[in-house]
Amino acid sequence: MRFASLGSGSEGNGLVVESGGTCILIDCGFGVRDAAARLARLGLQPSSLAAILVTHEHSDHVGGVPAFAARHRVPVWATFGTLAAVSSRFEGMTHVYGFDSHDTFAVGALEITPVPVPHDAREPVQYVVGDGARRLGVLTDLGVSTAHVEASLSGCDALVLECNHDLDMLERGDYPYPLKQRIAGRLGHLHNEAAAAILAAIDTSRLMHVVAAHLSQQNNTPELARAALASALECAPDWIGVAEQATGFDWRAL
Ligand SMILES: [Zn+2]
Ligand SMILES: [Zn+2]
């Protein structure tokens with residue numbers, strides 16, 4: 001199994017996972033041409049995607065999905081709640097599939113386990129993707145962790161983990177107060193220390209990769225995110241990867 005990011009942050013997200021000849025894209029917050037260029041950087045053609053899995057209806061995740069899926073005839077999977085929230089954008093498209101946020105399903109060689117998360121969307125999920133040998137956990141866009149989130153991520157071989165903001169930077173920064181409250185709220189985004197607390201709470205004995213993702217450009221730095229996760233794992237900060245908004249990250253193999 002291998003995985004890579006097209007880009008990560010509030011301006012657009014996309015992550016590819018490949019194993020056993022099946023390649024999927026989780027979210028697409030980029031325009032059709034931009035997404036294709038980002039895939040090309042990773043050596044991928046749009047036609048090589050078996051599916052696009054959507055996490056929730058916020059535009060940095062679903063914004064580019066309808067046009068890309070229609071243009072390249074890629075099937076789309078999303079929770080029934082997410083589909084209900086964006087149904088008009090998928091009108092007339094045949095290969096759009098809904099699923100229950102607690103049901104595991106398969107796409108080719110990959111087993112997809114949705115993980116429901118607390119976030120200000122209709123039925124948001126994140127994903128654990130497995131191929132029978134390895135499991136990758138992807139967790140962004142949640143305000144707080146839950147027992148179910150931690151049980152789902154425990155024992156994974158790789159994690160992509162939201163480190164949205166540093167709490168001090170958010171508090172001292174110049175965002176309007178209501179926006180600060182939304183981001184720091186229970187249905188907002190995970191701060192560095194909360195992400196670190198997840199690592200401290202779960203079984204990390206199999207972890208080969210940890211990548212911090214969805215970093216705020218205003219309220220966080222790669223150094224702060226790395227330091228927080230490294231202290232939880234008692235590892236060197238430079239072992240922790242960071243997903244960039246512009247460039248994502250290159251393939252990592254499991
Ligand atoms: Zn987001
Ligand atoms: Zn979101």
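In each ligand, atom 1 is the first atom listed, and ligand 1 is the first ligand listed. Below, each value reflects all heavy atoms present in this structure, side chains not excepted, and no hydrogens, waters or symmetry copies.
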Determine which of the N, O or S atoms in D141 is closest to the Zn ion (ligand 1) and give its atom name.
->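 It is OD2, the N, O or S atom of D141 closest to the Zn ion (ligand 1).
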Of the N, O or S atoms in D60, the one nearest the Zn ion (ligand 1) |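 Result: OD2.
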Name of the H56 atom (N/O/S only) found closest to the Zn ion (ligand 2) =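 Nearest N/O/S atom: NE2.
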Centroid separation [X] to [Y] less than 6.0 Å:
X: H165; Y: H189; value: no
X: F249; Y: F3; value: yes
X: H61; Y: H119; value: no

Are the charged groups of R206 and D157 less than 4.0 angstrom apart, N to O?
->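 Yes, R206 and D157 are salt-bridged.
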Is there an N/O/S atom in H58 that lies less than 2.8 Å from the Zn ion (ligand 1)?
->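 Checking the Zn ion (ligand 1) against H58, no N, O or S atom falls under 2.8 Å.
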Please determine if the Zn ion (ligand 1) has an N/O/S atom from H214 lying under 2.8 Å away.
->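 A backbone or side-chain N, O or S atom of H214 is under 2.8 Å from the Zn ion (ligand 1).
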Side-chain donor-acceptor pair present, T55, D27, cut-off under 3.5 Å =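 Yes.
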